[in-house]
Amino acid sequence: MASQDVDDWHKAELSASIADYESYLHRHPDGQYVVQAQMAIANLVDRARVVNAVRTDRNAFSPQELQRYVDSHVIAWNDLQDCYTADEIDAIRQFEGVIPLPDGFAPNKLQRDTTEVYFWGTPSSGKTCALGSLLSASYTYGILTKRPCQGRQYMDRLCNTFMHDAFCTLPQGTPDYSIQEMVFTLRDGQQREHPLACIDLAGEVFRALYRRQNHIVEENYTQEQALNHTLSYLADKSNRKIHFFIIAYGEHEKEWDGLRIHDYLDSAMDYLRDNKVIRRGTNAIYILVTKCDRMTCLPKDRQEYAARYVKQYMPALSNALAQICSQSGVLDFDILPFSIGEVFAQKLCYFERTNNNAVLKKLISMSGYISKGFW
């Protein structure tokens, strides 16, 4: 029987299938290779789980997780050939982590003679990626001129993160106290300069808005300070303003500290409307639906899909902003689809700059410009 035990084990080992390992265990419940067979089955189950997950969703795991699975022999890189291209697998293998963006402390006042552009978004909404891709695309088009500002290093890092026709590592999120002011000009088709001050707001501002609107006492100095700075900028009537509210397609039910994303957005809209935070002097308000490459439609249909998605799953957001626009004389209100390109393994992206064109046109058309030396 010992010889049969060895023969059956070698057959199972040769085929390396769950069925043959289970057959070995059935025939030799007390065999000398029982532990090896059980471990082999567990590894094959893990392998099938990981590979099937990636086949279903190319963003099921991060590069670090896939690297660990390979290092621990749960999978081999060859197992991913049906899920990623050879270049993508190389990018995952060489991934060394996300490079942190520099911190930014809010300036007391924003620069004058600009159109202020505010980017509002909850964590993981794709806000910082959207801003970085806009900067990179406009720089590549040759229409961007950077100006000295508090967030210059942050702006340079973001701009350099996204490169056309190359794999990019997505940047980290904005810290809870961070407000970055990035000042630059965009040049239009008539060679006129449009000075802009883009304000990248920390997603945690929504936490502070939620607490303030609902009279919740919970001290968080950095978040409250970031909110107070934001409100002070909005109260200053020196510059015209544009607002982008960033939401991620398909993530309306996502949880954040036990609440849904739409809970934070709804409270924020109530606060902004009740306190007339957005007032006359606002040129435009846009809802930017990021990660629209997930939409099961042709690119030409994304605008319709984005509008339908917002109105179906976040009606309070769209209705509140429409009401604010009506009360404040806002010139343009729209729902725009947006994608930085195809994201894979959660942290990597093949950047496509043309996805930025519609938003850049809005920025240029709805902002002031310098004509013959005058603003």
Side-chain angles (χ1 to χ4, degrees), residues 1-99 124 126 129 165-173 248-251 253-256 258 291 293-297 339-352:
M1 290 297 294
S3 176
Q4 190 64 47
D5 184 9
V6 173
D7 289 345
D8 288 344
W9 168 248
H10 286 326
K11 289 178 183 177
E13 200 174 30
L14 184 64
S15 70
S17 70
I18 292 177
D20 283 340
Y21 284 126
E22 288 178 339
S23 176
Y24 169 81
L25 291 173
H26 178 72
R27 298 182 66 181
H28 306 280
D30 298 319
Q32 59 181 315
Y33 302 104
V34 166
V35 174
Q36 292 94 319
Q38 291 171 339
M39 291 179 60
I41 290 172
N43 288 338
L44 287 172
V45 169
D46 282 346
R47 174 183 175 275
R49 175 183 61 83
V50 173
V51 173
N52 289 335
V54 176
R55 283 175 179 163
T56 302
D57 180 6
R58 282 160 41 91
N59 288 292
F61 302 104
S62 68
Q64 298 100 319
E65 289 173 318
L66 292 173
Q67 289 170 357
R68 285 197 295 269
Y69 283 133
V70 172
D71 292 342
S72 59
H73 306 292
V74 173
I75 62 171
W77 291 116
N78 290 341
D79 294 327
L80 302 176
Q81 288 180 341
D82 294 337
C83 311
Y84 302 110
T85 67
D87 289 340
E88 289 171 344
I89 291 175
D90 284 342
I92 295 171
R93 295 178 68 170
Q94 296 169 17
F95 183 84
E96 296 181 350
V98 175
I99 299 174
S124 302
C129 288
D165 295 333
F167 290 125
C168 308
T169 299
L170 302 185
Q172 68 173 15
Y249 179 77
E251 296 186 3
E253 291 295 327
K254 190 171 183 178
E255 287 194 3
W256 188 26
K291 306 182 184 181
D293 47 286
R294 300 174 177 176
M295 295 178 180
T296 56
C297 66
S339 172
I340 58 176
E342 186 172 359
V343 177
F344 62 97
Q346 300 178 6
K347 303 294 185 182
L348 295 164
C349 169
Y350 193 81
F351 177 56
E352 178 49 65

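No experiment lies behind these values; they were computed from the predicted model shown.
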Separation of [Y] [atom2] from [X] [atom1] (nearest 0.5 Å):
| X | Y | atom1 | atom2 | value |
| --- | --- | --- | --- | --- |
| Q346 | L170 | CD | CG | 10.0 Å |
| W77 | I89 | CH2 | CD1 | 7.5 Å |
| E342 | F351 | CD | CZ | 14.5 Å |
| D30 | L25 | CG | CG | 10.5 Å |
| F95 | L66 | CZ | CG | 11.0 Å |
| E88 | R93 | CD | CZ | 14.5 Å |

Under 3.5 Å donor-acceptor, [X] side chain and [Y] backbone:
| X | Y | answer |
| --- | --- | --- |
| R294 | Y249 | yes |
| D79 | I75 | no |
| N59 | V343 | yes |

Practice task
Please state whether the rings of Y84 and F344 are parallel, tilted or perpendicular, taking 30° and 60° as the class boundaries.
Solution key: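 It falls in the tilted class, 30° to 60°.
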Practice task
Can you label the angle between the Y33 ring and the W9 ring as parallel, tilted or perpendicular, going by 30° and 60°?
Solution key: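 Parallel, since the angle between the ring planes stays under 30°.
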Non-hydrogen atoms of [X] and [Y] that approach each other most closely:
| X | Y | answer |
| --- | --- | --- |
| K291 | A248 | CD-CB, 3.8 Å |
| A345 | P63 | O-CD, 2.9 Å |
| R47 | V74 | CB-O, 3.2 Å |
| C83 | R58 | O-NH1, 2.8 Å |
| G97 | T169 | O-CG2, 4.2 Å |
| V34 | H28 | CG2-O, 3.5 Å |

Are side-chain heavy atoms of [X] and [Y] found at a separation under 4.5 Å?
| X | Y | result |
| --- | --- | --- |
| Q36 | E13 | no |
| Y69 | R49 | yes |
| I340 | E352 | no |

Problem - Over 12 foreign heavy atoms within 6.0 Å of CD, E96 - result: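 At most 12 heavy atoms, drawn from other residues, nucleotides or ligands, come within 6.0 Å of this atom.
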Handout entry: Test: K347 and E65 ion pair at under 4.0 Å
Key =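 The answer is no: the pair does not qualify as a salt bridge.
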Problem - Identified side-chain contact (heavy atoms from CB on, under 4.5 Å) partner of C129 from the options S339, P171, C349, S124 - result: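 Passing option: P171.
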